[in-house]
Amino acid sequence: MRWIFLAGIFITFEGIDGCGKTTQMRLLAERLHREGISCVLTREPGGTPIGDAIRSLLLSPTSQMTPQTEVYLYAASRAEHVQAVILPALMRGDIVLCDRFYDASIAYQGYGIGKLGGISPAFVEAVNTPALAKVKPDLTFLFDLPVEVAKKRMKERLGQEDRIEQRGEAFFARVQEGLQTIFAQEPNRVRKLDATKEIEEVADEVYRYAKRIIEEAGSTR
Ligand code: TMP
């Protein structure tokens with residue numbers, strides 16, 4: 001259930017590393033901006049000073065932590081982000097574009113770490129429920145990319161792979177399975193897009209879906 005006083009629109013961008021979601025979020029914000037529609041752009045983990053400090057801990061290749069700690073740290077960053085940034089913006093009526101959110105924890109920790117660390121999607125959900133404060137995206141883009149292509153893109157990027165990116169193809173295959181499961185469970189919220197297509201083509205699709213939900217919200221909120 002969504003709090004009815006949230007006048008804003010919450011759109012999230014998900015997919016395995018290398019899928020192009022960050023570029024697509026920026027392109028959408030620029031296009032809306034040209035039409036005079038401004039958005040709050042944010043990301044997870046991060047989005048607040050505490051969240052950025054947690055992000056450094058989570059992504060540093062030298063950090064060592066148990067799978068449970070990893071789940072709690074992502075949720076801690078999210079709790080701060082929801083209370084300090086997302087909820088206030090939605091209450092003001094803003095459009096919030098967020099580079100990853102709760103679905104990433106279900107996919108990466110719940111499915112990706114999965115049985116290996118004794119973690120389950122249900123455990124991840126239980127830890128995150130209080131952090132979410134009932135905030136749910138109105139629309140989620142899932143940028144779908146085969147794991148081999150994503151892994152190749154991660155390796156080609158400048159700089160060292162972060163602690164999560166260093167995980168192998170088997171991990172990312174489980175993450176992918178998690179993302180597809182989320183899509184199958186909530187096809188109305190989650191729009192799956194083929195991320196192997198040209199950037200401009202994907203950007204047009206993102207724009208069309210986002211514009212539709214913005215216009216619908218304009219008539220009902
Ligand atoms: P980013 O590369 O999209 O900025 O995200 C940072 C990494 O954190 C990426 O490898 C995905 C991972 N991640 C999780 O494992 N769980 C989460 O809940 C979130 C938000 C991100």
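In listed order, ligands and their atoms are each counted from 1.
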Is atom CD1 of Ile50 surrounded by more than 12 heavy atoms (other residues, nucleotides or ligands) closer than 6.0 Å?
->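 Count not over threshold, so no.
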
Could you pull out, from Glu161, Arg43, Arg55, the option with a heavy atom nearest to atom 4 (O) of ligand 1?
->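 Minimum heavy-atom distance to atom 4 (O) of ligand 1 goes to Arg55.
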
For ligand 1, is any non-hydrogen atom under 4.0 Å from [X]'s backbone (N, CA, C, O), its side chain (CB onward), both, or neither?
X	result
Thr22	neither
Gln109	side chain
Arg78	side chain

Is Arg167 close enough and on-axis enough to Phe172, meaning under 6.0 Å and within 45°, for cation-pi?
->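 No.
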
Could you establish whether Glu70 and ligand 1 come within less than 4.0 Å of each other, counting only heavy atoms on the residue side?
->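 No heavy atom of Glu70 comes that close to ligand 1.
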
So, does Glu165 sit close enough to ligand 1 that a heavy atom of it is under 4.0 Å from the ligand?
->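 Checking ligand 1 against Glu165, which is what was asked, there is no heavy-atom contact under 4.0 Å.
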
Should the pair Asp17-Arg157 be classified as a salt bridge under the 4.0 Å nitrogen-to-oxygen rule?
->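 So Asp17 does not pair with Arg157 through a salt bridge.
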
Presence of salt bridge, Lys152 and Glu148, under 4.0 angstrom |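 Salt bridge: no.
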
Distance filter under 4.0 Å to [X] heavy atoms, resulting ligand 1 atoms:
X	answer
Asp17	2 (O), 9 (C), 10 (O)
Glu44	20 (C)
Ala104	16 (N), 17 (C), 18 (O), 19 (C), 20 (C)
Lys21	3 (O)

Side chains of Tyr108 and Arg100: donor-acceptor distance under 3.5 Å anywhere?
->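 Distance-only check passes for Tyr108 and Arg100.
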
For ligand 1, is there an N or O atom under 3.5 Å from any N or O atom of Tyr108?
->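 The answer is no, given that Tyr108 and ligand 1 share no N or O pair closer than 3.5 Å.
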
Please indicate whether any nitrogen or oxygen in Tyr74 is less than 3.5 Å from any nitrogen or oxygen in ligand 1.
->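 The answer is yes, given that Tyr74 and ligand 1 share an N or O pair closer than 3.5 Å.
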
Between side-chain atoms of residues 207-214 and protein atoms elsewhere (two or more places apart, or another chain), which donor-acceptor pairs fall under 3.5 Å?
unit_1: Tyr207; atom_1: OH; unit_2: Glu35; atom_2: OE1; d: 3.4
unit_1: Tyr207; atom_1: OH; unit_2: Glu35; atom_2: OE2; d: 2.2
unit_1: Lys211; atom_1: NZ; unit_2: Glu35; atom_2: OE1; d: 2.9

Distance from [atom] to nearest protein heavy atom, with residue and atom:
atom	result
atom 7 (C) of ligand 1	Leu59 CD2, 3.7 Å
atom 18 (O) of ligand 1	Ser105 OG, 2.5 Å
atom 11 (C) of ligand 1	Arg100 NE, 3.4 Å

Is there side-chain contact between Arg191 and Val206, with at least one heavy-atom pair below 4.5 Å?
->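 When only atoms from C-beta onward are counted, Val206 and Arg191 do not touch, as no gap falls below 4.5 Å.
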
Looking at Arg189, Lys136, Lys21, which hits salt bridge (charged side-chain N to carboxylate O under 4.0 Å, His left out) with Asp103?
->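 It is Arg189, the one option of Arg189, Lys136, Lys21 that forms the salt bridge (charged side-chain N to carboxylate O under 4.0 Å, His left out) with Asp103.
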
Would you say Ile16 and Val149 are hydrophobically clustered, going by side-chain heavy atoms of ILVMFWY under 4.5 Å?
->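 Each belongs to a different hydrophobic cluster.
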
Report whether Ile164 and Met154 are members of the same hydrophobic cluster (ILVMFWY, side-chain heavy atoms less than 4.5 Å apart, transitive linking).
->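 Yes, because Ile164 and Met154 connect within a single hydrophobic cluster, where side-chain heavy atoms sit under 4.5 Å apart.
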
